[in-house]
Amino acid sequence: MAVSEAQVPADQGPAQSGDGDLVAAAQRGDRAAFAALVERYQGLVFGYLRARVLQASDAEDLTQEVFLRSYGARARFDSSAMVGPWLIGIARNLLYEHARKTKRRREVAWTEICLEL
């Protein structure tokens, strides 16, 4: 699911008609409905993440992880809620995890350099 900045639609809002039906179908296990949700919201999620990470490849990886986690948690999603904010919440949590991992990696690398000196 490689997403480029050019694929982010300008008119993509947080809630679109038919989301409730797609969510309900995805919760019943309809993969095509979930794929439609991914298609509808991947630009929004990618744009959110791309604005907050340095590497586009990190934003792509995190976007994929958002949809993997949302697929696993689809049964817990309240179909009366809006999908976009829910996905952005997942993206925000993943971004925090990514920042912690990146910070830890930098600290380890710096420690190793100091030990070599």
Side-chain angles (χ1 to χ4, degrees):
M1 173 178 61
V3 180
S4 70
E5 284 115 317
Q7 292 176 319
V8 179
D11 62 339
Q12 191 170 39
Q16 295 185 11
S17 63
D19 280 355
D21 296 336
L22 287 174
V23 168
Q27 287 176 326
R28 289 190 303 270
D30 184 349
R31 290 185 181 190
F34 186 77
L37 286 170
V38 170
E39 184 70 28
R40 184 174 285 186
Y41 286 99
Q42 72 181 358
L44 176 74
V45 172
F46 177 79
Y48 173 83
L49 292 167
R50 182 64 185 110
R52 289 160 176 82
V53 296
L54 294 174
Q55 302 293 323
S57 60
D58 288 340
E60 291 173 359
D61 292 344
L62 290 169
T63 299
Q64 288 181 359
E65 184 64 26
V66 165
F67 287 104
L68 285 173
R69 288 192 182 187
S70 68
Y71 186 78
R74 71 190 184 283
R76 294 189 307 260
F77 179 71
D78 177 11
S79 59
S80 67
M82 294 191 314
V83 177
W86 180 61
L87 292 171
I88 294 300
I90 295 171
R92 184 186 61 238
N93 292 338
L94 278 169
L95 198 55
Y96 290 144
E97 289 177 23
H98 175 74
R100 281 193 301 267
K101 288 178 188 175
T102 303
K103 183 179 176 185
R104 265 189 250 132
R105 268 189 261 144
R106 239 184 281 133
E107 289 174 354
V108 170
W110 180 251
T111 304
E112 290 174 1
I113 290 171
C114 289
L115 290 174
E116 288 181 19
L117 296 175

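Along the sequence shown, the residues carry numbers beginning at 1. Keep in mind it's a predicted model, so treat the numbers as computed, not measured.
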Can you name the residues that form a side-chain contact (heavy atoms from CB on, under 4.5 Å) with Asp61, not counting sequence neighbours?
-> none
Please report the closest heavy-atom contact between Phe46 and Glu60, naming both atoms and the distance.
-> CE1-CG, 3.7 Å
Can you list every salt bridge (charged side-chain N to carboxylate O under 4.0 Å, His left out) pair that touches residues 22-33, not counting sequence neighbours?
-> none
Rounding to 0.5 Å, atoms CG (Leu49) and CD (Gln64) come to a distance of 11.5 Å
Note: Gln27 and Ala75 closest approach over all heavy atoms is NE2-O, 4.0 Å
Calculate, to the nearest 0.5 Å, the distance between atoms CG and OG1 belonging to Leu44 and Thr63 respectively.
-> 10.0 Å
Got a second to check how far Leu62's CG is from Leu95's CG, nearest 0.5 Å?
-> 6.5 Å
Can you see which heavy atom on Ala33 is nearest to which on Ala26, and at what distance?
-> CB-N, 3.8 Å
Would you mind reporting whether Phe67 and Val45 have side-chain heavy atoms less than 4.5 Å apart?
-> yes
Partner residues of Phe34 under the ring-ring contact (aromatic ring centres under 6.0 Å, His included) criterion, sequence neighbours left out | Tyr71
So salt bridge (charged side-chain N to carboxylate O under 4.0 Å, His left out) across residues 68-84, not counting sequence neighbours, yields Glu65-Arg69, Arg69-Glu97
In Å and rounded to the nearest 0.5 Å, what is the CE to CG distance from Met82 to Asp19?
-> 9.5 Å
Spatial distance of atom CD1 (Ile90) from atom CZ (Phe77) [nearest 0.5 Å] = 9.0 Å
Considering residues at least two apart in sequence or located in another chain, which fulfil the side chain to side chain donor-acceptor pair (under 3.5 Å) criterion with Arg92?
-> none
So CG of Leu94 and CG of Leu87: to nearest 0.5 Å the spacing works out to 11.0 Å
